[in-house]
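In listed order, ligands and their atoms are each counted from 1.
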Amino acid sequence: MGSPRSTRADVRALPPAHRAFYEGARASIPPERLVCDPLRTLAYGTDASFYRLVPKVVVRVRSAPEVQAVLALARRHHVPLTFRAAGTSLSGQAVTDSVLVQLDGWKGRRIADGGAAVVLEPGVIGAEANALLAPLGRKIGPDPASIGACQVGGIAANNASGMCCGTAQNTYRTVRAMKLVLADGTLVDTADPADRARLRESHRSLLDGLAAIRREVLSDAPLERRIREKYRIKNTTGYGLNSFVDFEDPLDILLHLVFGSEGTLAFIAEVTLATVEEHAHRASALALFPDVETAARATQRLSGGPVSAVELMDRASLRSVEAKPGLPPVLRTLGDGVCALLVEVRAADPAGVARAAEAAGALLAGLPTVEPIRFTSVKAEYERLWDIRRGLFPAVGAARRIGTTVVIEDVAFPMAHLAAGTVELRRLFARHGYDEGIVFGHALDGNLHFVFTQGFDDAAEVERYRRFMDDVCELVAKRFDGSLKGEHDTGRNMAPFVALEWGEKAHGLMRRVKALLDPDGLLNPGVLLNDDPRAHLKDLKALPHAHELVDRCTECGFCEPRCPSRALTLTPRQRIVVRREIARLGTAAGPDAAPRRRRLERDYAYLGDDTCATDGLCATACPVGIDTGKLTKVRRAEARSPLANGMATLAAGHFEWTAAGARTGLALARTFGALPILPEAAPRAPRAAFEDVVKGRDRRAVYFPSCIARTMGPAGGDPDRRALSEVMLSVLDKAGFDVRFPSDLASLCCGLSFESKGFPRLAGEKARELERALLAATEGGKLPVVCDTSPCVQRMKAVLDPHLSIHEPAEFIHDRLMDRLRFERREGPIALHVTCSSTKMGLEPKLRALAEACAEEVIVPSTGCCGFAGDKGFSTPELAASALAGLRGALPAGCERGYSNSRACEIGLTMHSGVPHQSIVYLVDACTSPRDGAEGRPPGAAT
Ligand SMILES: Cc1cc2nc3c(=O)[nH]c(=O)nc-3n(C[C@H](O)[C@H](O)[C@H](O)COP(=O)(O)OP(=O)(O)OC[C@H]3O[C@@H](n4cnc5c(N)ncnc54)[C@H](O)[C@@H]3O)c2cc1C
Ligand code: SF4
Ligand code: SF4
């Protein structure tokens with residue numbers, strides 16, 4: 001079955017203007033990138049904020065001409081548009097009930113000016129930009145905590161920042177040039193003199209209007225002073241009025257106004273940023289002060305000192321994580337008023353770090369502390385300290401009542417008011433009954449986040465929230481003249497309060513900016529400026545109970561880049577959003593609740609269940625550890641008919657027949673009704689003899705060839721046609737190991753295929769059978785077990801008797817064989833694919849090290865899931881095709897071999913890269929010979 005398309009009835013159900021827009025868009029956007037069905041508009045429309053608006057139409061755009069076409073249609077039919085990058089925004093600026101324009105691709109990136117700058121398209125994830133720059137010791141300036149998921153378009157349009165970036169390294173400060181599409185469709189490259197000249201002609205009144213605002217600002221000395229003053233601390237409330245005082249040329253003013261404009265002024269098609277130094281060496285100290293006032297004084301002293309980050313955490317923050325294993329025990333003993341500063345110093349070398357730490361310590365000398373301040377440059381120790389900070393948001397998220405959401409607010413106080421601001425925020429928590437609330441933040445910038453849980457499902461709760469936010473705004477904006485949004489931008493959340501913070505005159509200027517750049521008001525209306533004083537209380541998102549496996553989801557979106565089905569169907573977050581809506585409709589009143597629910601369920605079968613690879617890679621990025629694949633497995637199990645269960649039981653009970661059917665995955669897929677599609681480079685049944693190797697050596701191992709490896713041998717195009725087991729035995733033999741196979745091998749399987757297909761009972765039975773065989777073969781766990789297939793190893797490690805010492809082959813070779821083998825490096829690049837299970841087992845460094853011992857150049861094109869997922873590659877081939885769409889282009893010329901550690905994944909990788917992929921064991925065998933004496937070391941020699 002293919003991806004459900006939006007139906008004619010879905011199109012007919014659109015209001016006339018949106019229907020006309022949709023019909024018009026068909027001319028320039030292919031149907032698979034035009035969406036108006038209920039499931040996908042809901043799913044794609046979700047962001048990380050606590051606002052819910054469902055777009056009527058979603059358009060996925062790939063190029064500037066497509067954006068121009070969409071803008072022209074929007075103007076023609078007077079239909080508002082909202083741009084969307086990764087949807088990790090927290091203030092409601094990335095949601096809409098009109099047309100959502102999602103970036104699809106836009107991954108172009110290149111280093112410029114020898115690394116001093118980088119040119120980025122808006123779909124590049126912040127961490128991808130940094131990975132490109134890392135070899136040069138550089139990074140982009142903005143460093144939001146969401147950098148592993150959020151994209152350059154959103155980072156720029158929110159003017160995002162984080163722990164180290166302060167007010168000096170955000171996109172506003174580090175931009176060199178941009179390509180913009182204005183609301184009228186004009187594409188301008190601000191780095192191109194011809195473009196600039198053209199714009200001065202064609203958009204004279206727009207640029208004159210901006211120049212006039214600048215003159216007004218400069219002629220009003222108190223306003224000019226106030227603008228300069230307000231940007232000394234972080235401020236993302238309203239438009240960046242500092243553009244008018246920092247720049248003279250209206251075109252430069254325009255360029256800088258776009259930062260923090262939340263897609264309300266123009267579309268960002270490309271941005272060139274100056275890069276900043278990324279020092280490799282660090283040290284951190286957790287300084288514990290008896291009260292907030294002392295912590296604030298310490299911050300003032302550190303300000304301007306040689307520190308890269310100073311993170312404040314109040315007592316409630318520390319308490320929220322104190323029970324987590326591995327964190328310093330002192331957290332559990334602290335008095336009530338204690339306030340912590342987590343201080344970090346960075347430098348190019350260890351001596352520089354030591355000097356900076358000493359200087360920072362000297363700045364704090366004489367201040368009372370709970371215990372002496374000690375900087376550590378030991379990675380494990382400072383990571384433990386940063387785990388405290390990293391754990392704060394998830395801790396509140398995990399502890400919340402189901403049905404409530406975690407709200408993270410983001411204010412900034414002038415430095416002089418940091419202590420009073422923190423204390424007063426806590427008073428407001430107490431006054432409004434937010435006992436679980438915590439306060440932490442980037443102290444050097446006066447930027448405090450406060451996190452609390454909030455139900456939006458009843459009117460009294462919404463009213464409590466209203467009163468609380470009114471008090472917060474009064475406290476921050478009026479009493480302390482701070483920023484209502486330091487980093488997260490205004491959104492819908494603070495749009496009604498911009499005038500309160502900035503005053504009527506500045507607010508009026510912002511309105512003129514909007515009118516000049518978007519005269520028809522079509523770009524993200526309702527966001528950033530909003531006349532409705534209750535706008536922040538509308539369209540609030542309830543998070544109903546859907547399933548205990550996913551109820552803790554905060555819809556942050558951090559999992560999305562990891563998911564192999566993200567471009568094909570849904571991401572983990574989107575699956576959860578749909579399950580929540582289905583649950584809500586299950587108890588909703590009204591005649592259309594049941595049919596809507598049925599439609600969502602029907603479409604979810606493919607979009608949610610069938611295209612989930614159940615690899616669980618989403619859990620590795622989730623702050624609260626949610627593995628959406630587990631939900632899919634549970635649903636598959638619930639959906640199994642008695643007949644399917646009976647057939648699976650037969651297959652499990654006579655596994656040797658099933659496996660002997662040549663390809664276990666295919667056989668299972670056939671048995672359970674999935675349609676197998678054989679790839680061209682299909683694996684052949686391997687010719688292998690599983691005979692013990694006994695030469696009387698004292699190094700011994702038990703080798704368990706997985707059922708996949710036993711049935712899916714090398715493909716016709718593979719360079720080495722030997723069975724994997726033969727190659728494995730060759731390597732083990734060279735390193736001087738005798739090998740034993742478990743008895744009754746043909747019937748053994750770890751149960752993974754059964755588990756992922758929704759047969760948990762049978763999966764458990766197969767695992768117990770294997771456990772018995774391995775315990776016998778290893779003499780009760782005395783000998784190590786090597787299994788050649790990474791996903792099976794992961795399952796075996798998780799479910800089999802802990803006395804068994806089970807190893808993935810690269811791990812085993814790396815840990816126990818490397819010093820017994822002589823390695824000879826191959827010329828030219830090779831590709832290495834790190835499977836999801838290897839990532840989850842933390843094996844990537846060992847795989848890399850082993851590959852680097854064998855090859856001159858090792859390319860790891862992606863750390864994501866290949867989407868092949870056992871036999872999904874046969875039954876749902878479009879999943880791997882989508883997950884691996886970029887693989888071919890990511891491999892350099894001359895790369896003719898690829899390696900991994902899971903046969904099923906290797907088939908998909910071969911198909912979609914055009915480069916044969918085999919187990920890394922083949923590579924090791926080809927590049928090694930025995931070290932002197934290793935092969936035949938006599939019994940009794942040291943192991
Ligand atoms: C747990 C968590 C922690 C966070 N921590 C931080 C933090 O430390 N600091 C911080 O600043 N933020 C933080 N955020 C908020 C958010 O992640 C960032 O602001 C991020 O930069 C948003 O990027 P995005 O790709 O998700 O953009 P989106 O949410 O998709 O969009 C953001 C805005 O940009 C607009 N937009 C997107 N693409 C374009 C384009 N090409 N042209 C014009 N407009 C466009 C959208 O319309 C929207 O208004 C956090 C969020 C979460 C969930
Ligand atoms: S599953 Fe986890 S990472 Fe994904 S959106 Fe939910 S909380 Fe965030
Ligand atoms: S298990 Fe894999 S495919 Fe399924 S939601 Fe998680 S990352 Fe996506």
Give the numbers and elements of all ligand 2 atoms closer than 4.0 Å to a heavy atom of [X].
X    : result
I576 : 1 (S)
E555 : 5 (S), 6 (Fe)
P623 : 3 (S)
C622 : 1 (S), 2 (Fe), 3 (S), 7 (S)

What is the nearest protein non-hydrogen atom to atom 6 (Fe) of ligand 2, stated with its residue, atom name and distance?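 Protein heavy atom at minimum distance: C553 SG, 2.4 Å.
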Would you mind checking which non-hydrogen protein atom is closest to atom 7 (S) of ligand 2, with the distance to 0.1 Å?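 Checked against all protein heavy atoms, atom 7 (S) of ligand 2 sits closest to T554 N, 3.4 Å.
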Any Lys/Arg nitrogen of [X] or [Y] sitting under 4.0 Å from an Asp/Glu carboxylate oxygen of the other?
X    : Y    : result
R584 : E581 : yes
E66  : R60  : no
E560 : R566 : no
R635 : D609 : yes

Taking the six-membered ring of F452, is NZ or CZ of R400 closer than 6.0 Å to its centre and within 45° of its axis?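 Relative to the ring axis of F452, which defines the angle, R400 lies outside at least one limit.
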Can you see whether Y604 has R579 sitting over its ring - NZ or CZ less than 6.0 Å from the centre and within 45° of the normal?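 So R579 does make the cation-pi contact.
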Please round to the nearest 0.5 Å and tell me the distance separating atom [atom1] of [X] and atom [atom2] of [Y].
X    : Y    : atom1 : atom2 : value
I582 : L39  : CD1   : CG    : 7.0 Å
F558 : T571 : CZ    : OG1   : 13.5 Å
F83  : L103 : CZ    : CG    : 9.0 Å
E128 : L120 : CD    : CG    : 10.0 Å
S483 : I233 : OG    : CD1   : 3.5 Å

Would you indicate whether the side-chain heavy atoms of I402 and R552 approach each other to under 4.5 Å?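 Yes, side chains in contact.
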What's the verdict on salt bridge (Lys or Arg N to Asp or Glu O under 4.0 Å) for K485 and D410, showing C-alpha distance, side-chain angles and the deciding distance? CA-CA 5 Å; K485 286 287 177 186; D410 163 46; 5.4 Å; no
Nearest to atom 8 (Fe) of ligand 2 by heavy atom, C556, A621, G397: which?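 Residue with the shortest heavy-atom distance to the ligand atom: C556.
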Could you list, one pair per line, each nitrogen or oxygen of ligand 1 together with any protein nitrogen or oxygen closer than 3.5 Å, giving atom names and the distance rounded to 0.1 Å?
| residue | atom | partner | partner atom | Å |
| --- | --- | --- | --- | --- |
| ligand 1 | 8 (O) | A145 | N | 2.9 |
| ligand 1 | 8 (O) | E487 | OE1 | 3.4 |
| ligand 1 | 9 (N) | S161 | O | 2.5 |
| ligand 1 | 9 (N) | E487 | OE1 | 2.9 |
| ligand 1 | 11 (O) | S161 | N | 3.0 |
| ligand 1 | 11 (O) | S161 | O | 3.2 |
| ligand 1 | 11 (O) | E487 | O | 3.3 |
| ligand 1 | 17 (O) | T88 | O | 3.3 |
| ligand 1 | 17 (O) | T88 | OG1 | 2.5 |
| ligand 1 | 17 (O) | S146 | OG | 2.6 |
| ligand 1 | 19 (O) | N158 | ND2 | 2.9 |
| ligand 1 | 25 (O) | A86 | N | 3.0 |
| ligand 1 | 25 (O) | Q151 | N | 2.8 |
| ligand 1 | 26 (O) | G87 | N | 3.2 |
| ligand 1 | 26 (O) | T88 | N | 2.7 |
| ligand 1 | 26 (O) | T88 | OG1 | 2.6 |
| ligand 1 | 29 (O) | T88 | N | 3.3 |
| ligand 1 | 29 (O) | S89 | N | 3.1 |
| ligand 1 | 29 (O) | S89 | OG | 2.6 |
| ligand 1 | 30 (O) | A85 | N | 2.8 |
| ligand 1 | 30 (O) | A86 | N | 3.2 |
| ligand 1 | 30 (O) | G87 | N | 2.8 |
| ligand 1 | 41 (N) | I268 | O | 3.1 |
| ligand 1 | 42 (N) | I268 | N | 2.9 |
| ligand 1 | 47 (O) | F83 | O | 2.6 |
| ligand 1 | 49 (O) | Q93 | O | 3.1 |
| ligand 1 | 49 (O) | E262 | O | 3.0 |

N, O or S atoms of the protein lying under 2.8 Å from atom 6 (Fe) of ligand 3: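 The answer is C618 SG.
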Atoms in ligand 3 flagged as close to P564, the criterion being non-hydrogen separation under 4.0 Å: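 Taking each heavy atom of P564 in turn, ligand 3 has 2 (Fe), 3 (S), 7 (S), 8 (Fe) under 4.0 Å.
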